[in-house]
2 protein chains.
Amino acid sequence: MNVFVIGVGLIGGSMVLDIQKEYTEAVIYGIDLNDNNLTEAVELGVIHKKATFADLEIATIVIVSIPVDAQLEVIPKVLDHINDHCLVIDVGSTKQQICKVLENHPKRRNFLAGHPIAGTEFSGPSAAITGLFKNKTNIICEVEKTAFKLQEKALEIFAKLGMRIRYMDPISHDKHIAYVSHLSHISAFMLGKTVINKEKNERDIFDMAGSGFASTVRLAKSSPAMWTPIFKQNKENILETLEEYISNLKHFKELMEQDNFSEIFNEMENTNYIKQILNGID
Amino acid sequence: MNVFVIGVGLIGGSMVLDIQKEYTEAVIYGIDLNDNNLTEAVELGVIHKKATFADLEIATIVIVSIPVDAQLEVIPKVLDHINDHCLVIDVGSTKQQICKVLENHPKRRNFLAGHPIAGTEFSGPSAAITGLFKNKTNIICEVEKTAFKLQEKALEIFAKLGMRIRYMDPISHDKHIAYVSHLSHISAFMLGKTVINKEKNERDIFDMAGSGFASTVRLAKSSPAMWTPIFKQNKENILETLEEYISNLKHFKELMEQDNFSEIFNEMENTNYIKQILNGID
């Protein structure tokens, strides 16, 4: 089994680390724009060999884990290079544009559009860890457009990695993920910005920051190279979530200005409902 | 050593659990408006005995860990009941009003105004855990107004619990803590509200929420009874932070509307500086 990973960072790297454990016969090939990443990935044991697009004809499986703008160009090219039995999986955080781009590709049935909801705030080959996908959700879009045998192969791998599967159309995916993932990132980045701007001349003030701040702002460590194209591709949905988030914050501020603290209590109590929602995520 | 804890919840409970370990001779007394909390605290071994204000005359140390509005009434009453050698410590998240209220109290020198920057999103006696304060910052305000021997006693306890100490005036405390703690809570509560409102009819959508969302929204599990009075007491500072946070979010939204994604990249890259800040907090 020849497994190619294009983009040897957090997601792709973690995925092939698990695949190595589950399929001891698998040979892992890495392709990356940055040759230093490949060298590091070989040294870390994330991949076995460096490779190029010309090698793709021997691939059994190709995992594409690169920024969502780059994949619009790379995945068609990958499909052009593979053999007829190869499975190509992506892991991008947006699904509408990539599905649209591949709609009429002659090898569309070799492609499975996925989005494993997993990650950390770190990036690069050294961020790859085993077990990242255990008990995590993998959203698969337009499953009916993938050849049945290749669906089976993909589901077997996802099952071995411990993922549960949800099926969704790309439009719904992008709409909902804007709320439960993309907005969280913006909220964290802007919280980080607000505090840094205010406190930049008084660095020891951060001694006052506790684990609550650390948790809320954690996603502001995320990679701008990964997230800028996500925000670009999901612009309309994200603008809607931002509009609502800003409006809720303004309402909270108005309640404070009006000294309406009983309503502020209610706002928080209603939102405590998040406890039930988070059971099973944390 | 008779240690009284008024409010046997997360902070007070965790503090006396550690004190029991470090001072094996200590007898822990609990006072709480809610008798069920006291019964539970005795069962859990958080306190040894239920007590009332009349018992305070035998106290060596009193830890007051109740909502910041309640402590404005309770701490003066506690000071009225204690003997001349007793140390009273508070742990409230706002410091300006309590320091003001106690300014002219005849037993002001028995009081030490503290704010241990520690906690979890849980509350009540069952939330009490050992080691909560290890390597956490405790901010002490107006230390010069506490009797020297009682300062010494307090610092010994804080050292045994593993806390590092920072001294600050109450006005600066309330101003800075608005940024690094209070704003994080509002940001999390409003994020939770935004997502719940949008997704309430589609509960299985939360399968899409990953650990990033869970982390960012974690503080929205916090107790409204604890946080409403904090927001009330620190209203002016919090309104300022909210104004800036909303303005930063609006600016981000405008950049998106203008398709200025290179500037969005810069915004995120600049905020990645939070990594250095968070080293040592997480």
Side-chain angles (χ1 to χ4, degrees), chain A residues 117-118 137 166 176-177 179-181 184 186-196 198-199 205-210 212-221 224 227-228 231-232 235 239 242 244-246 248-250 252-253 256 261 264-265 268-269 271-275 277-278 281-282, chain B residues 117-118 137 166 176-177 179-181 184 186-196 198-199 205-210 212-221 224 227-228 231-232 235 239 242 244-246 248-250 252-253 256 261 264-265 268-269 271-275 277-278 281-282:
Chain A
I117 314 284
T137 301
R166 293 288 181 275
H176 294 302
I177 205 73
Y179 281 91
V180 294
S181 167
S184 305
I186 297 172
S187 139
F189 269 110
M190 291 303 101
L191 178 65
K193 178 182 173 180
T194 306
V195 177
I196 288 171
K198 191 62 186 185
E199 307 286 7
I205 293 308
F206 286 107
D207 280 350
M208 295 176 75
F213 177 70
S215 161
T216 314
V217 84
R218 177 169 73 85
L219 296 179
K221 300 180 193 172
W227 281 93
T228 304
F231 295 152
K232 194 169 174 179
K235 174 180 160 181
L239 284 176
L242 264 176
E244 287 167 35
Y245 184 51
I246 291 169
N248 285 329
L249 283 161
K250 278 178 166 170
F252 191 95
K253 182 165 166 274
M256 281 191 67
F261 288 98
I264 280 184
F265 182 97
M268 290 194 274
E269 196 171 47
T271 306
N272 275 169
Y273 170 67
I274 206 79
K275 286 179 199 172
I277 292 169
L278 292 178
I281 296 177
D282 236 341
Chain B
I117 314 284
T137 301
R166 293 289 180 274
H176 294 302
I177 205 73
Y179 281 91
V180 293
S181 167
S184 305
I186 297 173
S187 137
F189 270 109
M190 290 303 101
L191 178 65
K193 178 182 174 180
T194 305
V195 177
I196 289 171
K198 191 62 186 182
E199 307 286 6
I205 293 308
F206 287 106
D207 279 350
M208 296 175 75
F213 177 71
S215 159
T216 315
V217 84
R218 178 169 72 85
L219 296 178
K221 301 179 192 172
W227 281 93
T228 304
F231 295 153
K232 193 170 174 180
K235 175 180 160 181
L239 284 176
L242 264 176
E244 288 167 35
Y245 184 52
I246 292 169
N248 285 329
L249 283 162
K250 278 179 166 168
F252 191 94
K253 184 164 166 273
M256 281 191 66
F261 289 98
I264 280 183
F265 182 97
M268 289 194 275
E269 196 170 47
T271 307
N272 275 169
Y273 170 67
I274 206 81
K275 287 178 200 173
I277 291 169
L278 291 178
I281 296 177
D282 236 340

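All chains are named by letter (A, B, ...) in the order of the sequence lines, taking the proteins before the strands, and each is independently numbered beginning at 1.
Taking 4.5 Å as the limit, some side-chain heavy atom of B/Phe213 sits within range of a side-chain heavy atom of A/Ile274. Inter-residue side-chain proximity for A/Pro224 and B/Asn272 is flagged as met; some heavy-atom pair is nearer than 4.5 Å.
In this structure, A/Thr216 OG1 and B/Ile186 CD1 are separated by 11.5 Å, a value rounded to the nearest 0.5 Å. Between atom OH of residue B/Tyr245 and atom CG of residue A/Leu249 there is a gap of 6.0 Å, rounded to the nearest 0.5 Å. The CD1 atom of A/Ile246 sits 10.0 Å away from the OG1 atom of B/Thr194 when rounded to the nearest 0.5 Å. Interatomic distance, CE of B/Met190 versus CE of A/Met268, reported as 8.0 Å (0.5 Å rounding).
The most heavy-atom pairs under 4.5 Å with chain B, out of A/Thr228, A/Ile177, A/Thr137, come from A/Thr228. Heavy-atom pairs under 4.5 Å with chain B were tallied for A/Val217, A/Leu239, A/Ile264; the largest tally goes to A/Leu239. Of the listed residues (A/Lys275, A/Lys193, A/Glu269), the one with the most heavy-atom contacts under 4.5 Å to chain B is A/Lys193. Among B/Ala188, B/Ser187, B/Gly192, the residue making the largest number of heavy-atom pairs under 4.5 Å with chain A is B/Ser187.
Only the side chain of B/Leu219 comes within contact range of chain A, with at least one heavy atom under 4.5 Å from a heavy atom of that chain. Heavy atoms of A/Ala220 lying under 4.5 Å from chain B belong to its backbone as well as its side chain.
Contact detail for A/Phe261 and B/Lys235: the closest heavy-atom pair is CZ-CD, 4.4 Å. For B/Phe189 against A/Thr271, the heavy-atom pair with the smallest separation is O-CG2, 3.3 Å. Closest non-hydrogen pair, A/Leu242 versus B/Phe252, comes out as CD1-CD2, 4.1 Å.
Counting heavy-atom neighbours within 6.0 Å of A/Lys250 NZ, excluding the residue itself, gives a total of 12 or less.
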